[in-house]
Protein chains: 2
Amino acid sequence: MKQRGERVDAIYAGLRLAILEQVLQPGTKLPEDTIGEQFGASRTVVRRALELLASEELVDIRPNRGATVAKPSLEEARDLFSVRQDVEHLVIRRLCGRLTPAQVKRLEAQIEAEERAHREGRPEYIRHAAEFHLVLAEMTGSPLLARYMRQLVGRSALILGLYGRPRWTDCSVQEHRDLVACLVTGDWARLEPLMHDHLEAVLSRAIDTAAHDKDRGIRDLLAPYAEAARSA
Amino acid sequence: MKQRGERVDAIYAGLRLAILEQVLQPGTKLPEDTIGEQFGASRTVVRRALELLASEELVDIRPNRGATVAKPSLEEARDLFSVRQDVEHLVIRRLCGRLTPAQVKRLEAQIEAEERAHREGRPEYIRHAAEFHLVLAEMTGSPLLARYMRQLVGRSALILGLYGRPRWTDCSVQEHRDLVACLVTGDWARLEPLMHDHLEAVLSRAIDTAAHDKDRGIRDLLAPYAEAARSA
DNA sequence: GCGGCAAAAATCGTATACAATTTCAGAGAC
DNA sequence: GTCTCTGAAATTGTATACGATTTTTGCCGC
């Protein structure tokens with residue numbers, strides 16, 4: 001028997017990817033039996049994987065009612081994005097003007113991969129774009145910051161899948177290039193608003209339009225009742 | 001049978017407290033059987049509790065070798081403290097000049113409890129002092145920031161227990177009062193260095209003296225060998 | 001048809017069983 | 001005395017069993 005927690009990791013990674021790629025959509029039930037059957041593992045292992053995902057808030061476990069893919073509210077989304085803004089700010093403050101040549105090369109390679117996928121229409125470009133931010137965090141040399149960023153990026157992806165518009169990363173590639181350029185030259189004055197606007201464009205715009213749509217939706221739903229009340 | 005994860009929480013909370021109060025010291029082995037016996041629960045439940053603690057990095061789980069109370073290295077300690085500095089900075093930036101009267105009252109009560117415990121020589125004053133920072137984070141209204149702070153504060157306590165000097169919170173009470181005063185008046189210029197120095201005094205000083213001691217320890221250990229080499 | 005209710009099915013929470021791995025103690029070689 | 005090796009004990013990782021809870025189903029009165 002494979003002893004180590006290798007199995008847990010496999011299921012964890014599989015589910016995580018499925019969630020982030022929106023194969024498993026928010027709200028989907030995740031019964032332990034079914035998943036275990038799929039992966040050829042017992043509930044014990046599946047349970048552990050689900051608990052790991054819950055600790056990243058990618059799945060929601062409610063006592064006695066099982067796990068579902070997390071479905072963050074707009075409020076939670078806004079909280080997440082505001083914290084992410086702050087943490088990304090910390091990251092670039094630590095990196096600005098301090099990148100080694102090797103790091104710059106790594107970042108350029110990352111952007112390269114992103115651009116290629118984007119040009120060829122492959123959907124991985126989203127993952128590459130997200131990874132860019134994770135790589136930045138890792139370059140701070142702070143395991144904690146990297147850990148936080150990993151969670152933040154993961155949850156951001158989930159939320160964008162929920163509320164976002166399809167065209168949410170149109171100009172990501174160029175913006176990432178600009179970010180690296182400023183990081184290299186240490187141009188903090190330009191870097192700071194660049195990152196802020198970049199994230200704002202990708203994240204907040206998505207949920208703001210979602211919020212607008214939601215309001216409109218409610219208004220539409222209420223319209224008939226209002227009319228009835230008026231004519232009564 | 002009690003169905004809900006209530007049992008897990010009980011064991012989790014119990015172990016967490018024991019670790020933070022240094023009843024269980026870093027490095028201590030935490031066998032699932034023994035703990036289960038103590039709490040009257042099966043390994044399944046204990047395991048889950050240990051995994052929760054591991055996700056906060058209060059215990060260290062190594063595959064097939066069981067769990068031990070975490071024993072962060074000096075490097076990890078420095079990383080933690082630098083991130084904590086940054087996160088505390090985010091917290092006060094969000095709160096400065098925005099506290100409601102109710103919040104101020106809550107903070108004063110917290111400091112009151114801390115002072116009383118301190119004056120009466122009860123060791124809970126450490127917990128109260130730590131809680132002060134957690135309460136601040138919760139007041140931002142950001143569940144994420146609060147979560148991060150909870151982890152950071154917990155791990156800080158663990159590390160201080162490991163490396164800290166006993167007199168580490170001598171002036172905590174007064175400093176906390178000053179912090180609240182600045183938060184109320186919105187005196188950012190004074191607040192920012194106040195918080196920074198407060199944390200620096202409590203956290204970094206502890207590990208810096210530890211690092212110094214450690215170097216001295218190594219030198220002492222090497223002294224005989226050096227002497228032998230010299231006389232050879 | 002259609003809400004309400006009871007029984008069945010599905011699913012979860014915990015305990016226990018067993019195999020795999022690690023740890024430890026003691027015997028034997030040197 | 002110290003080192004190494006071997007087998008037993010301790011401990012973990014996973015599977016399975018079973019009671020408890022939730023969800024679904026099917027039946028009934030209306």
Side-chain angles (χ1 to χ4, degrees), chain A residues 1-19 23-71, chain B residues 1-19 23-71 221 224-225 228:
Chain A
M1 194 192 300
K2 285 280 179 65
Q3 262 299 114
R4 155 112 201 229
E6 195 179 297
R7 253 86 121 40
V8 171
D9 283 352
I11 297 176
Y12 163 77
L15 287 177
R16 188 172 203 271
L17 199 64
I19 292 171
V23 176
L24 294 173
Q25 298 207 345
T28 309
K29 277 224 74 183
L30 301 169
E32 296 169 2
D33 285 341
T34 314
I35 298 171
E37 226 167 290
Q38 284 293 320
F39 284 88
S42 78
R43 279 181 52 212
T44 311
V45 180
V46 175
R47 208 168 160 62
R48 171 73 179 128
L50 289 173
E51 281 156 358
L52 276 177
L53 290 165
S55 79
E56 299 184 43
E57 302 188 283
L58 289 181
V59 323
D60 188 29
I61 298 183
R62 288 176 345 181
N64 279 316
R65 326 177 107 221
T68 59
V69 179
K71 196 172 181 176
Chain B
M1 193 192 301
K2 285 280 179 66
Q3 266 296 116
R4 159 113 199 228
E6 194 180 297
R7 254 79 124 48
V8 171
D9 283 352
I11 297 176
Y12 163 78
L15 288 177
R16 187 171 203 270
L17 200 63
I19 292 171
V23 176
L24 294 173
Q25 298 207 345
T28 309
K29 276 227 73 184
L30 300 169
E32 296 169 2
D33 285 345
T34 314
I35 298 170
E37 226 168 290
Q38 283 295 319
F39 284 88
S42 80
R43 279 182 53 214
T44 310
V45 179
V46 175
R47 209 166 159 60
R48 171 70 179 130
L50 289 173
E51 282 157 358
L52 276 177
L53 290 165
S55 78
E56 298 183 45
E57 303 188 283
L58 289 181
V59 323
D60 187 29
I61 298 183
R62 287 176 343 180
N64 278 317
R65 325 178 108 221
T68 59
V69 178
K71 197 172 180 175
L221 282 172
Y225 297 90

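Every chain is numbered from 1, with letters handed out A, B, ... down the list of sequences. What you see is a predicted model, and the numbers here were worked out from it, not measured in a lab.
- Proximity note for B/Arg43 (side chain, C-beta onward) versus D/dA17, D/dG13, D/dA15: the nearest is D/dG13.
- Here the CD-CG distance, from A/Glu56 to A/Leu52, works out to 7.5 Å after rounding to the nearest 0.5 Å.
- The CD atom of A/Glu32 sits 21 Å away from the P atom of C/dA9 (whole-angstrom rounding).
- Annotation for A/Phe39 and A/Ala10: closest pair CE2-O, 4.3 Å, computed over non-hydrogen atoms.
- Put simply, the side chain of B/Ile61 reaches to within 4.5 Å of the side chain of B/Glu51, judged on heavy atoms.
- One can place CG of B/Asp33 at 14 Å from C1' of C/dT22, the figure rounded to the nearest angstrom.
- Atom CD1 in B/Ile61 sits roughly 19 Å away from atom P in C/dT21 (whole-Å rounding).
- Atom CG in B/Leu50 sits about 13 Å away from atom C1' in D/dT11, given to the nearest Å.
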Got a list of protein N/O to nucleotides 23-25 of chain D N/O distances below 3.5 Å?
residue: D/dT23; atom: OP2; partner: A/Arg65; partner atom: NH2; Å: 3.3

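- Counting only heavy atoms from C-beta on, B/Ser42 has its side chain closest to C/dT16 among C/dT16, C/dG13, D/dA15.
- Separating the CZ atom in A/Arg7 from the CZ atom in A/Arg48 is a distance of 15.0 Å, to the nearest 0.5 Å.
- The closest side-chain heavy-atom distance from A/Arg16 to A/Leu58 is below 4.5 Å.
- If you measure from atom CG of A/Leu30 to atom P of C/dA10, you get 18 Å, rounded to the nearest angstrom.
- The side chain of A/Arg47 contributes no N or O atom lying less than 4.0 Å from OP1 or OP2 of D/dT14.
- Atom CZ of A/Arg7 and atom P of C/dT21 are 12 Å apart (whole Å).
- Checking D/dC18, D/dT12, D/dT14 against every side-chain atom of A/Val45, the shortest atom distance belongs to D/dT14.
- Here D/dG13 presents its C1' atom at 12 Å from CD of A/Glu6, a figure rounded to the nearest Å.
- Here the rule is side-chain contact (heavy atoms from CB on, under 4.5 Å) with A/Leu50, and of A/Leu30, A/Thr68, A/Val8, A/Ile11 only A/Leu30 fits it.
- For A/Arg48 against D/dG13, a side-chain-to-base donor-acceptor contact under 3.5 Å is absent.
- Checked against A/Val69 for a side-chain contact (heavy atoms from CB on, under 4.5 Å), the options A/Leu24, A/Leu15, A/Val23, A/Leu53 give a single hit: A/Leu24.
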